[in-house]
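Inspection log for the structure reproduced underneath, given as structure tokens.
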Amino acid sequence: MSQPFLIYNTLTRQKELFKPLTPDHVGMYVCGPTVYGDAHLGHARPAITFDVLFRYLTHQGYKVRYVRNITDVGHLEHDADEGEDKIAKKARLEQLEPMEVAQYYTNRYHEAMDRLNVLRPSIEPHASGHIIEQIELVQKILDAGYAYVSNGSVYFDVNKYAADTKQYGRLSGRVIDEMLSTTRQLDGQEEKRNTADFALWKKAAPEHIMRWNSPWSIGFPGWHTECTAMGTKYLGEMFDIHGGGMDLMFPHHESEIAQQTSVTGHGPCHYWMHNNMITIEGQKMGKSLGNFITLDEFFNGSHINPKDGKEMLAKAYSPMTIRFFILQAHYRSTVDFSNDALLAAEKGYSRLMQAFKTLRSLQPSKASSIDVKGYRQLCYDAMNDDMNTPIVISHLFDAAKAINTVNDHKATLTKEDIDELTSLFQTFVFDIMGLRDEASTDNTALIDGLMQMILDVRATAKANKDWTTSDKIRDSLGQLGIAVKDGKDGATWELK
RNA sequence: GGUCGUUUGGCCGAGGGGUUAGGCACAGGUCUGCAAAACCUGCUACUCCGGUUCAAAUCCGGAAGCGACCUCCA
């Protein structure tokens, strides 16, 4: 908390000094997944971005309440599936209860996020569990005069709101007049006074499975009410940070602001943060484009491109490779998926982990020949500049190089400096960026002992120039996925 | 069509008026029984055209390419 932390606020389009509304406390809301399919690489981006923010704020000493919702009510679909809820549609296809589908994909989402070492949020509210709150919100907007009932559905009066507040479009940089002429024909359009109006409550068609009672009709809540209702319930009418993907800026977040402002006179939060998209072959990876690769597919190393039937993944990529890959780009930049980029990330991640392992085996000297005390501040500076994790990583690579130089006896470090580096890695690599050493297991001590014994035997063989035995040991270990590396001070090993 | 953003070396990706980003790959070297790793050295780029400036990849103007949003989407 002592150092100024700048974050880019989408609302003002500039970096601003972060200052919580309540001293020492931070309220943060991030739009979570709609649970009707497996999480793909695109879902990992906001999860990891805001996980790092959550971790960093916590590290700075704030008490953070992090709310990330689960959307299990579903949104409207267009075209042939007019008015049908996405989850309901899937449920019918699979002959499952809608809530069963939602639960299944929620579990799958949790599993994938756990593997990515994404911390669970403080509260993970479900839209379906907050229908009453959403109905109350709609009623308040009606009472305020910014909504109207039409054929059992309730719509937000964007025109009136825009005229009164001059706010609509501020977040996304949109001009209301232009929107009126460009909005496409959608379901329920004839019920609206204006094409730009959006649904707050939707009357359910007879075949619609997910439905709730309300003062207006049996139906379901509109596209944007859950975040407003649940954000208010758990974080208050005004909280610190609201995050999500850039593609949610409009209409989702713009509408959230409108809903909240029409009731309270102000938007829901102080800072709006948006992560950029992950692209594949230059295009946004998205469910609707059908060009997404699920996280499980990355972990298992197989994804067939539906267009040409070709395998897209050169190999399996571990969760930490994915995490490192995402952290190597700034969260507001697009990042393009490619096997080359992932392969490079994998090696880079491994190099960092290996350096940390080497660090723990360094022999301290009486004096340090290199200065390693500056890295910490450089890393903080990078984090404080709108969470610039690529810069943090570049400094950590510098530190890794220093560690390796010392290991090669080309430089020396005192015990104090070695401890400082250990603490640096612990803080930034593990605590803040949330990486973990995938090679380590619960049996670390046992394996270390066994490996030491095996390497001793091999060292004896080598001393006797018994290359047959020494190579056999190395080859056998290699087959088990253990690489043996001979150095000046004897052999070391590493899981491949 | 409208709004916004982006264009960096073989690849990924920071930065952002004068100073080495970093990683991966590649080449040479040190070490080594061999290999791997590590270390050293090399490769030094900013789409194009104008302008401002002592100085522009960085600022301004224009063009082109690419992308996002305008519709559910992370």
Side-chain angles (χ1 to χ4, degrees), chain A residues 13 30-34 36-37 39-50 71 74-79 81 86 169 172-175 177-179 181-186 196 223 243-252 254 274-279 282-289 292 324-325 328-330 332-349 351-352 354-355 358 382 385 388-398 400-401 403-405 407-411 462 465 467 470-471 474-475 478 483-488 491-492 494 496:
Chain A
R13 288 168 209 281
V30 174
C31 292
T34 302
Y36 68 104
H40 59 71
L41 186 59
H43 292 96
R45 189 104 196 254
I48 290 172
T49 297
F50 294 105
T71 298
H75 297 286
L76 296 175
E77 275 196 342
H78 50 75
D79 300 334
D81 304 314
K86 272 186 179 170
S172 54
R174 229 152 279 271
V175 183
D177 295 336
E178 285 165 2
M179 290 170 44
S181 55
T182 54
T183 305
R184 284 194 209 166
Q185 283 298 311
L186 293 168
W223 309 0
M246 268 186 186
D247 50 351
L248 295 179
M249 243 161 68
F250 189 89
H252 185 55
E254 196 73 62
H274 292 94
N275 62 275
N276 214 319
M277 302 292 106
I278 286 179
T279 59
Q283 254 204 331
K284 170 183 155 184
M285 185 180 282
K287 194 154 290 180
S288 51
L289 292 167
F292 61 93
F324 190 79
F325 171 68
Q328 260 195 314
H330 188 258
R332 285 192 288 115
S333 299
T334 57
V335 58
D336 195 50
F337 155 82
S338 72
N339 279 289
D340 283 350
L342 240 26
L343 250 20
E346 182 178 56
K347 297 202 78 163
Y349 160 73
R351 179 177 161 87
L352 214 51
Q354 200 52 43
T358 302
D385 185 14
N388 200 327
T389 52
I391 294 293
V392 173
I393 289 172
S394 78
H395 293 311
L396 290 168
F397 274 121
D398 287 343
K401 184 167 241 177
I403 291 165
N404 289 329
T405 307
N407 192 46
D408 272 17
H409 306 300
K410 286 172 179 162
K462 282 183 64 172
K465 296 196 187 297
W467 310 127
S470 72
D471 285 353
R474 186 172 62 192
D475 293 346
V484 175
K485 298 180 290 189
D486 289 325
K488 277 180 187 167
T492 56
E494 171 186 12
K496 285 188 285 200

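Values reported hereafter were calculated over all heavy atoms of this structure, with side chains retained and with hydrogens, waters and symmetry mates removed. Every chain is numbered from 1, with letters handed out A, B, ... down the list of sequences.
Listed for the A/T358 side chain is a donor-acceptor partner under 3.5 Å among the backbone atoms of A/Q354. Side chain of A/R332 to main chain of A/H274: no donor-acceptor pair is present (N/O by atom type, distance under 3.5 Å, no hydrogens or angles). Side-chain atoms of A/T389 do not come within 3.5 Å of backbone N or O of A/V392 as any donor-acceptor pair. Looking only at distances, a side-chain donor or acceptor of A/E254 sits under 3.5 Å from a matching main-chain atom of A/G169.
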- prompt: Hey, mind stepping through A/K401 and A/D398 against salt bridge (charged side-chain N to carboxylate O under 4.0 Å, His left out) and telling me if it holds?
  reply: CA-CA 5 Å; A/K401 184 167 241 177; A/D398 287 343; over 6 Å; no

query: Passes side chain to side chain contact (heavy atoms under 4.5 Å, CB included), A/I278 versus A/K284? Steps please.
result: CA-CA 6 Å; A/I278 286 179; A/K284 170 183 155 184; over 6 Å; no

message: Run the side chain to side chain contact (heavy atoms under 4.5 Å, CB included) test on A/K462 and A/D486 for me, step by step, so that the C-alpha distance in whole Å, both residues' side-chain angles and the decisive distance to 0.1 Å come before the verdict.
response: CA-CA 11 Å; A/K462 282 183 64 172; A/D486 289 325; 2.9 Å; yes

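Using a 4.0 Å heavy-atom criterion, one finds that A/D471 contacts the bases of the nucleic acid, with or without backbone contacts as well. Residue contacts for A/H395: at a heavy-atom cut-off of 4.0 Å it reaches no nucleic acid atom on any strand shown. If you check every strand for non-hydrogen atoms under 4.0 Å, A/I393 touches nothing. Residue contacts shown for A/S470 include a base, since a base heavy atom lies under 4.0 Å away. Across all strands shown, A/N388 has heavy atoms under 4.0 Å from sugar-phosphate atoms exclusively, and none from any base. Across all strands shown, A/A483 has no heavy atoms under 4.0 Å from either base or sugar-phosphate atoms. Residue A/V484 is classed as a base contact, given a heavy-atom separation below 4.0 Å to a base. If you check every strand for non-hydrogen atoms under 4.0 Å, A/G42 touches a base. In this structure, A/K401 reaches the sugar-phosphate backbone alone: every heavy-atom distance under 4.0 Å involves primed, P, OP1 or OP2 atoms, never a base. Using a 4.0 Å heavy-atom criterion, one finds that A/M246 contacts no nucleic acid atom at all. Contacts of A/L342 with the nucleic acid, taken as non-hydrogen atoms under 4.0 Å apart, are absent. Across all strands, A/R474 comes closer than 4.0 Å to base atoms (heavy-atom distances).
In this pair, A/F397 does not lay its aromatic ring on the base of B/G23; centres under 5.5 Å and planes under 30 degrees do not both hold.
Closest to the A/L248 side chain, of the nucleotides B/G23, B/C12, B/C73, is B/C73. The A/F250 side chain lies nearest to B/C69 when the options are B/A74, B/G13, B/C69. Side-chain atoms of A/D336 lie closest to B/G13 of the nucleotides B/G13, B/A74, B/C34. Counting only heavy atoms from C-beta on, A/P251 has its side chain closest to B/U71 among B/A74, B/A14, B/U71. Out of B/G23, B/A14, B/G13, the shortest distance to the side chain of A/R351 is found at B/G23.
Using a 4.0 Å cut-off, no side-chain N or O of A/S394 falls inside it from OP1 or OP2 of B/G13. Within the 4.0 Å cut-off from OP1 or OP2 of B/U6, not a single side-chain nitrogen or oxygen of A/T334 is found. Within the structure, a side-chain polar atom (N or O) of A/N404 is placed less than 4.0 Å from OP1 or OP2 of B/C39.
Judged by distance alone, the side chains of A/T279 and A/D336 do bring a donor and an acceptor atom under 3.5 Å apart.
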statement: Readout for nucleotides 25-31 of chain B: B = base within 4.0 Å of protein heavy atom, S = sugar-phosphate only, - = neither; 5' to 3' it is S------

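For B/G22, its base never sits under 3.5 Å from the side chain of A/D398 at any donor and acceptor pair. With hydrogens and angles left out, the side chain of A/D486 and the base of B/C34 share a donor-acceptor pair within 3.5 Å. Between the side chain of A/R13 and the base of B/C4 there is no donor-acceptor pair of N/O atoms closer than 3.5 Å.
Taking atom CE on A/M249 and atom C1' on B/C73, their separation rounds to 14 Å, with Å as the unit. The distance from atom CH2 of A/W467 to atom P of B/G33 is 6 Å, rounded to the nearest whole Å. Rounded to whole Å, the distance from NZ on A/K287 to P on B/A74 is 5 Å. The distance from atom CZ of A/R45 to atom P of B/C73 is 19 Å, rounded to the nearest whole Å. Taking atom CD of A/Q283 as the reference point, atom P of B/A68 lies 6 Å away to the nearest angstrom. Regarding A/Y349, its OH atom lies at a distance of 23 Å from the P atom of B/G22, rounded to whole Å. Rounded to an integer number of Å, the gap from CZ of A/R332 to P of B/C4 is 17 Å. Regarding A/E494, its CD atom lies at a distance of 14 Å from the P atom of B/A36, rounded to whole Å.
Look at the C1' atom in both B/C54 and B/C48: the space between them is 25 Å, to the nearest Å. Taking the C1' atom of each, B/G17 and B/C31 are spaced 44 Å apart, rounded to whole Å. Between B/G28 and B/A21, the two P atoms lie 25 Å apart (nearest whole Å). Remark: the separation of the C1' atoms in B/U53 and B/G61 is 16 Å, to the nearest Å. Using P as the reference atom, B/A74 and B/C4 are 26 Å apart when rounded to the nearest Å. Taking the P atom of each, B/G22 and B/G29 are spaced 24 Å apart, rounded to whole Å. For the P atom pair drawn from B/A14 and B/G23, the interatomic distance equals 15 Å after rounding to whole Å. Comparing the same atom, C1', in B/G18 and in B/C46 gives a spacing of 16 Å after rounding to whole Å.
Using a 30° and 60° split on the angle between ring planes, A/H40 and A/F292 fall in the tilted class, from 30° to 60°.
The two residues A/N388 and A/P390 have their closest heavy-atom pair at OD1-CD, 3.0 Å.
In this structure, A/H330 NE2 and A/I391 CD1 are separated by 9.5 Å, a value rounded to the nearest 0.5 Å. Going from atom CG of A/D408 over to atom CD1 of A/I403 covers 12.5 Å, rounded to the nearest 0.5 Å.
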- line: Given Watson-Crick and G-U pairs under 3.5 Å, RNA chain B in dot-bracket ([ ] crossing, | other strand) is (((((((..(((.....[...))).(((((.......)))))....(((((..]....))))))))))))....

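No side-chain heavy atom of A/Q328 sits under 4.5 Å from any side-chain heavy atom of A/V335.
Comparing A/N276 and A/H330 by the nucleotide of RNA chain B that holds the closest heavy atom to each, the one mapping nearer the 5' end is A/H330. When each of A/N407 and A/H40 is assigned the nucleotide of RNA chain B with its nearest heavy atom, A/N407 is the one assigned upstream, toward the 5' end.
For the pair A/K287 and A/Y36, the cation-pi test (distance below 6.0 Å, angle within 45°) is passed.
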